[in-house]
Amino acid sequence: MPATLTSLRIRNLALVEELAWTLTAGFTVITGETGSGKSIIVGALQLILGERADKSLIRTGAENCTVEAVFLYSDTRNTNAQLEEFGVEPCEGGELILKRVFTAAGTNRQFINGSPTTLAVLKQLGDGLVDLHGPHDHQSLLSDAKQLSLLDAFADAAALREKYAEHYRRLQQLVAEHTELSTSEAALEREVDLLRHQVHEIEAAQLQPAEEEELLARYSVANNSRRLLELSSQVVGRLAEADDAILGRLGEIGRLLRDLERVDPSAARFTESHLRAATELEDLAQSLQDYAQEMDLDPGRLAQMEDRVSLFETLKRKYGGSIAEVITFGDSAAERLRKIESRGTELARLAKEIDDAQKAVTEAGKKLGVRRGTAAPKLASSVTAHLRDLGFKKSDFRVALTPLEKAGSHGLENIAFLFAPNPGEPPKPLKAIASSGEISRVMLAVKSSLAAQDTIPLLVFDEIDANVGGEIAHAVGAKMKSLAVAHQVLCISHLPQVAAQAATQFVVTKAFTKDRTISQLEKVEGKARVEEIARMLGGKSESALALARTLLGAS
């Protein structure tokens, strides 16, 4: 088993104030009186798997609700690779920790191994961890797409289906290009005129990707050249040309320092510092003089730069937010223009590629169809055998494949699950079956048939055993027990025949404290479990207790 849910912590969810639940592998059942809060467990799992959070679920008086689940892996290499793609922390010690927090104010946060993440990432990860079936979830079995995915899973056809999908997507892309290029002449003429104008305008500008930044820098300098010349000249004057220029006064300071050095030779370091400072200032004055001489005061040159800057702004308004985007637009327009102007050649090329793609789709579809055709009777036989165990002794289950006139996104055939619960009736599509109890058992039979191919570690069944009883209820429990060999199975049930076959049983009860109602979860073993099974049988009479012991002993 790749992963096991080892703990579930719930805080302030509906009737649950605080719950720390430790689980083990295998088959676990949750029982309790109607309305005791068993469904809160399922609700917590749905939240941790990325379902929408409704703030009305927050316990009255609380500010927030927290749900945390810990999955233990025997090997985390694949999971850690997936977590790395999501940009979250890897598992440590084999543990994957999922956490969900939402507040009455509407704030919604989720974490994987302590790293904040998005709801979409949490849902994507959760879809591979838990398969949850509620009282109405078996309705998904009525979907053609769901039936197809189940058959493909049983046929181990994922690679063939993906290969077919790649060819099909390629075919659709080529057909779309061909259709676009085959529009009316009048529309194409208008488009050609526009494209020619756009391409000419962009090409005439002779744009370079890095030109704009450089031009703006030069334009800024040129536009402020008079002010820059004035400032640099003032600095040169203060340094070297004025009567009280700094360099002249530095000469006086130099003479005084040399006198100081003659009196005290150790003061030579001051003379050296003065010399370095004077040299630096002389270099500064010379550099500023050169800078001023190079200043471009040509009005014509400034006007050229203004025109160029204005052109850039015009092109960006029309074709993109930057010169790089304008160049990209121009390249795309030129390519589109080339295709239209040579559309005869282009249409012929596309027609050839469409023909090749169609052949590839047909070939891939036939391979997929053969795999499906081989697997369909095997799946039907397997499901039928499981249905026999679930009380449909003479039922007829088939997987029908009907060829399509035209290739579809999923293959060259439609898939339909057909079922006749009683002999003498022709098999009909599952959607024609009214009984939810029948559909629930069909779903359980299909799940049992797919157990070997199903890689999802945790299967949750929320009262899907409704509307059954007696020996059939026992058979439902046996199927879940069988599924627990390769999966962790969690079942919420009202049936003692199902509960008795679980390896572990928990009971949900209501309690009233401080004028508040809370739900509590308690593991039952030994005598307590016998009494709970007896309660489910209708009471705690000696006969009910004896039957409970019999059920537990036979499991």
Side-chain angles (χ1 to χ4, degrees), residues 24-34 38 131 133-135 137-138 141 382-395 397 419 421-423 433 435-451 454 459-508 523-555:
T24 56
F27 183 13
T28 299
V29 69
I30 302 171
T31 60
E33 298 280 2
T34 301
K38 299 185 296 299
D131 196 353
H133 301 279
D137 289 327
H138 55 260
L141 194 59
S382 176
V383 172
T384 297
H386 287 292
L387 285 170
R388 298 278 191 272
D389 298 336
L390 293 170
F392 294 106
K393 299 301 182 184
K394 296 184 179 181
S395 62
F397 182 88
F419 181 54
N422 302 307
I433 300 173
S435 168
S436 63
E438 287 179 338
I439 298 177
S440 296
R441 281 183 279 165
V442 172
M443 189 207 69
L444 187 55
V446 173
K447 269 291 175 188
S448 298
S449 297
L450 290 167
D454 196 345
L459 306 180
V460 181
F461 297 97
D462 181 14
E463 298 186 9
I464 71 157
D465 50 15
N467 303 319
V468 299
E471 285 301 316
I472 296 176
H474 185 83
V476 169
K479 287 299 173 192
M480 292 186 184
K481 185 177 181 180
S482 176
L483 284 172
V485 173
H487 302 268
Q488 184 181 21
V489 176
L490 179 61
C491 175
I492 296 174
S493 178
H494 285 293
L495 295 178
Q497 297 93 329
V498 172
Q501 299 194 60
T504 311
Q505 183 172 354
F506 290 84
V507 177
V508 178
K523 184 177 181 180
V524 288
E525 300 176 287
K527 180 182 178 182
R529 187 173 185 189
V530 172
E531 290 178 348
E532 172 61 11
I533 297 293
R535 180 199 64 77
M536 298 174 73
L537 287 164
K540 295 184 180 181
S541 64
E542 282 303 319
S543 60
L545 291 168
L547 181 54
R549 283 189 285 269
T550 300
L551 288 173
L552 288 166
S555 300

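Keep in mind that this is a model prediction, so the values were computed, not measured.
The shortest distance between side-chain heavy atoms of Arg535 and Glu33 falls below 4.5 Å. Within the 4.5 Å cutoff, no side-chain heavy atoms of Gln501 are placed close to those of Met480. Under the 4.5 Å side-chain criterion, counting only non-hydrogen atoms from C-beta, Leu537 is in contact with Leu551. A heavy-atom distance below 4.5 Å is not found between the side chains of Phe392 and Phe397. Side-chain contact between Val476 and Leu495 is absent, with no heavy-atom pair separated by less than 4.5 Å. Leu444 has its side chain within reach of Phe461: a pair of non-hydrogen atoms, C-beta onward, lies under 4.5 Å apart.
Distance alone, capped at 3.5 Å, places no donor-acceptor pair between the Ser482 side chain and the Ala478 backbone. Here the side chain of Gln497 pairs no donor or acceptor atom with the backbone of Ala475 at under 3.5 angstrom.
Gly477 approaches Phe27 most closely through the heavy-atom pair O-CE2, 3.8 Å. Nearest heavy atoms, Leu387 versus Val442: CD2-CA, 3.9 Å. Listed here is the closest heavy atom pair of Lys479 and Ser448: CD-OG, 3.8 Å. Ala502 and Val29 make their closest contact through CB-CG1, 3.5 Å (heavy atoms, listed as atom of the first residue, atom of the second, distance). The nearest pair of heavy atoms linking Ala548 to Ala534 is CB-N, 3.7 Å. Closest approach of Ile533 to Ala499, counting heavy atoms only: CD1-CB, 3.8 Å.
Among residues two or more places apart in sequence or in another chain, the side chain to side chain contact (heavy atoms under 4.5 Å, CB included) test is passed with Thr504 by Thr24, Thr28, Phe506, Lys523. Applying the side-chain hydrogen bond (donor to acceptor under 3.5 Å, both in side chains) rule to Ser382 yields the partners Ser449; only residues at least two apart in sequence or on another chain are considered. For Glu542, the side chain to side chain contact (heavy atoms under 4.5 Å, CB included) criterion is met by Leu545, Arg549, not counting sequence neighbours. Partners of Ser541 according to the side chain to side chain contact (heavy atoms under 4.5 Å, CB included) rule, which considers only residues two or more places apart in sequence or in another chain, are Ser543, Ala544. Residues forming a salt bridge (charged side-chain N to carboxylate O under 4.0 Å, His left out) with Lys394 (at least two apart in sequence, or on another chain): none. Listed by chain and number, the residues in a side chain to side chain contact (heavy atoms under 4.5 Å, CB included) with Ala451 are Leu483, His487 (sequence neighbours excluded).
At a threshold of 4.0 Å, the pair Glu532-Arg529 does not count as salt-bridged, since none of the basic side-chain nitrogens sits closer than that to a carboxylate oxygen.
Taking OG1 from Thr384 and CG from Asp389, the interatomic distance works out to 11.0 Å, rounded to the nearest 0.5 Å.
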